[in-house]
Amino acid sequence: MVCHGLTLLRLRCAWQWVGASGGDIFWANNNDENGSRTRLFTRARWRYVWGMSSFSEDDAFEAAAVPLSQRAMARPSAAYLDGLNPAQREAVETLSGPVLMLAGAGTGKTKALTTRITHLLATGTARPHEILAVTFTNKAAREMKSRIGGLMGEAVEGMPWLGTFHSVCAKQLRRHAELVGLKSNFTILDTDDQIRLMKQLIEAAGIDHKRWPARMLSGIIDGWKNKALTPDKVPVADSGAFDHKGVELYAAYQRRLLDLNAVDFGDILLHMVTIFQKHEDVLDQYQRWFRYILVDEYQDTNVAQYMWLRLLAASHKNVCCVGDDDQSIYGWRGAEVGNILRFEKDFPGAHVVRLEENYRSTPHILAAASGVIAANKGRLGKTLFTSRTDGEKVRLIGHWDGEEEARWIGEEVEAMQRGTRGMAPLGLDHMAILVRASHQMRAFEDRFLTIGLPYRVIGGPRFYERMEIRDAMAYFRLAVSPEDDLAFERIVNTPKRGLGDKAIQTIQRTARSNGVSLVEGARLVCQGKLLGGKGLKELTFLVGSLDRWHAQVRAEADTHVELAEMILDESGYTGFWQNDKTPEAPGRLENLKELVKALENFENLQGFLEHVSLIMDNETEEQGEKVSIMTLHAAKGLEFPAVFLPGWEDGLFPSQRSMDESGVKGLEEERRLAYVGITRAEEICTVSFAANRRVYGQWQSAMPSRFIDELPEDHVEVLTPPGLYGGGYGAAGMAASASPAMAGMVGSDLHEKAHSADVYNSPGWRRLQSRSQQRGMAMPSEARNMTIDMTAVSAFTEGERVFHQKFGYGEVIGIEGDKLVIEFDKAGSKHVVAQYVVSADKADDVPF
DNA sequence: GCTCGTCCCATTTTT
DNA sequence: TGGGACGAGC
């Protein structure tokens, strides 16, 4: 069956035509060298060919083989080109040959990228399936899809090859799995499975797993995979770890994965690179197929991704890479800035377009960011500019310690929320606190909880990485394929069935000696009564349940959603969490519901399992106005009117560890992180640092970050009162001698005092407090109290059992002002705002 | 096999 | 300081 000569423009016509007829027959007009032809498609066929439901690659291969004639294509009224600046327009319209789009922060990168795809489609230069467009995140892929749809005026469903590196590669790999010894229904392991597997291998190799933890091996192997190194290609110099058995373990791990018909994230790309290198015919097909390639966030590509791209682009070289070398912050994960720096060498004659007009931030913010990043060497170089002339300088403030920093930011957030210094009130959704490391978040969470400021933490464990989701998935995996040993290991004793290490060893031994899967091994154990009492009974029941579920999956007797619910129910897993009285239990049950809901979007369990590990998001769209707290890494790609950047202290940011491990390279990456942080801000950017901070329970003092010295003074307003720390600084002090002046704050005896327990009684501390208050840095507590709803407190009585979203269950032991004093079962005694507390008996109703 | 106490160690984490 | 891993004891 051949279907070709269609662009989305035509697709639109076809839809309209059908809409008018209301029939089930599609009409498609082909204009190509073969002349005009009219074909009839059924709706199902149409969807099939264009990948709207299940995409058939064979059809598309055929389609791609037919050259497309552009002359017959109607040129669209290119309304989508309006509103592009000259650079963007150049990036959009230079369709042939390699293009590097250097897009600074906030310069309309996504706009240019999506318009470029639209342009390819609308001019008939390429058909949807001839475009390969890769991103790093599902979010970015979704965004691109919807924006292209917006530009085209139609939902774009027919772009089968727009997705993340991993989803696109997984799709390819399912097609060619047998070339690397896999079956096309291979499972994709998550990190947890990976580590459990490696642990087994380490123990089997007789290596001390304490000295060489599985986590480390996992990191090392991931690193090799990121570099596209198969076990036979790992350089000798890299093989010192694990008693020189690292490479051996890697090879063993890869063999084990093949046995399990499984891959890890790294393999998805590595296998495809291997296939392309070894099977020219396959590569050739794809090369002809993907006539245009687009890559988002090119600076974040690792070696494997780079090789994959180069192989695919090698023949036609119509590759457009978009990125910003200044925002490369994933080097520690294998990303190679070198890829983007080398682009012009890799693709001679490459057209480089710089997007430098920023539409996000004020000039001061841009200047500050530029000032910092200028210290990096070996940049491709961009100068961001804006037509804006308004805006505040970047604000800089020092604090005595981390707690005060959190307190100050809390108050500042509340002030902005009310509207401050003539500025309009700002919603909490428009403010963000960006930290270097996630442990810094705690200070803010504690503080915000205390003052009753709603916040949301972005990041943290992904939805599908949560324990309960993995457990549930393991049950589903087993129901679909009983030979999934890893899944069996995971759930055999979850919920508790009295099947501990010994029972599991018996099962494994039996399975191994009979050459069968663990489920079959378990069956033999039951039959041979190789276990005693309770364990045997439970195991027999489990094996029986698994059989039943598997039969139901095959019979398709129930819908997969009902089946999933049944599995969770009958396994006792739902009940397990219902009986669990820890504060997390309600949330976990909620997550399980979410998981079942997510199933509805798939046709069956198999389909769900094949894709879910690549596409499940953590986007539980909580509604409500909340300040966001997240890491700088998580903030990439986002923007907020007001941004707080706390913890700018040497050692914390830039992180000591980065500098120790990667030297100048590490420092430069940290600096890019600073650049990313500053450029997230649209209107107000506040950088802060603390002289003292409790790290692992120890007080430590630190120098202000060297990045603070790099902020150009003309664009910075120092909020810290002059003379506060005994150094004559402020704007003038900074000008005189930036670094020593800022460092002066901790250079005195206060420094030493910080280490002692009576720090709060030190003269320096008292001086700081009184000055802070004089200058309005800390808002008097009376003022804050006025905004608190006192009735909330009165809703509780002493002795009442309550539930708190963070601290769990506890008992009210008193009421002090606007706070409840609660003795928590787990967390001890705390003062908390009533707003976050409910009666214990209502705890189940609250969707915390 | 489970629970509790002790000890150890601690970035960033798109898939 | 606090969470996770592990080993001793029930």
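Throughout, a chain's letter reflects where its sequence line sits, starting with A, and its residues are numbered from 1.
Remark: P of C:dC6 and CZ of A:Arg211 are 17 Å apart, rounded to the nearest angstrom. To the nearest angstrom, C1' of B:dT14 lies 8 Å from NE2 of A:His166. A:Trp308 has its CH2 atom 16 Å from the P atom of B:dT15, to the nearest Å. Protein atom CD of A:Gln299 is 16 Å distant from nucleotide atom P of B:dT14, rounded to whole Å. Rounded to a whole Å, the CE atom of A:Met467 is 13 Å from the C1' atom of C:dG3. Whole-Å rounding puts the A:Leu189 CG to B:dT15 C1' distance at 13 Å. Here B:dT14 presents its P atom at 14 Å from CD of A:Glu297, a figure rounded to the nearest Å. Straight-line distance from the CD1 atom of A:Ile268 to the C1' atom of B:dT15: 7 Å, rounded to whole Å.
Every side-chain contact (heavy atoms from CB on, under 4.5 Å) that A:Arg310 has, sequence neighbours left out, goes to A:Tyr306, A:Asp346, A:Phe347. Taking A:Asp193 as the reference, A:Arg196, A:Arg477 meet the salt bridge (Lys or Arg N to Asp or Glu O under 4.0 Å) condition, with sequence neighbours excluded. Under the salt bridge (Lys or Arg N to Asp or Glu O under 4.0 Å) criterion, A:Glu203 pairs with no residue, sequence neighbours left out. Residues passing the salt bridge (Lys or Arg N to Asp or Glu O under 4.0 Å) test with A:Glu538: none are found, sequence neighbours excluded. With sequence neighbours left out, the side-chain contact (heavy atoms from CB on, under 4.5 Å) criterion links A:Ala474 to A:Ala487, A:Arg490, A:Ile491. Applying the salt bridge (Lys or Arg N to Asp or Glu O under 4.0 Å) rule to A:Arg694 yields no partners; only residues at least two apart in sequence or on another chain are considered. Residues forming a side-chain contact (heavy atoms from CB on, under 4.5 Å) with A:Glu669 (at least two apart in sequence, or on another chain): A:Trp332, A:Arg672.
C:dA5 and B:dT12 are spaced 23 Å apart, taking the C1' atom of each and rounding to whole Å.
When each of A:Leu499 and A:Gly266 is assigned the nucleotide of DNA chain B with its nearest heavy atom, A:Leu499 is the one assigned upstream, toward the 5' end.
Ring geometry for A:Trp224 against A:Tyr250 counts as parallel: the plane angle stays under 30°, on a 0 to 90° scale with 60° as the upper cut. Using a 30° and 60° split on the angle between ring planes, A:Trp308 and A:Phe276 fall in the parallel class, below 30°.
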- For every nucleotide of nucleotides 8-13 of chain B, 5' to 3': is a protein heavy atom under 4.0 Å from its base (B), only from its sugar-phosphate (S), or from neither (-)? --BBBB
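OP1 or OP2 of B:dC2 sits under 4.0 Å from a side-chain N or O of A:Asn493. Between A:Asn138 and B:dT14, a side-chain N or O to OP1/OP2 separation shorter than 4.0 Å is absent.
Using a 4.0 Å heavy-atom distance criterion, A:Lys502 is classed as a sugar-phosphate-only contact. A:Ala503 comes within 4.0 angstrom of sugar-phosphate atoms only, judged by non-hydrogen atoms across all strands, and of no base. Counting non-hydrogen atoms under 4.0 angstrom, A:Asp300 reaches a base of the nucleic acid.
You'll find the side chain of A:Ile708 reaches within 4.5 Å of the side chain of A:Val687, heavy atoms only.
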Check nucleotides 8-10 of chain C for protein N or O atoms closer than 3.5 Å to its own N or O atoms and list the pairs.
none

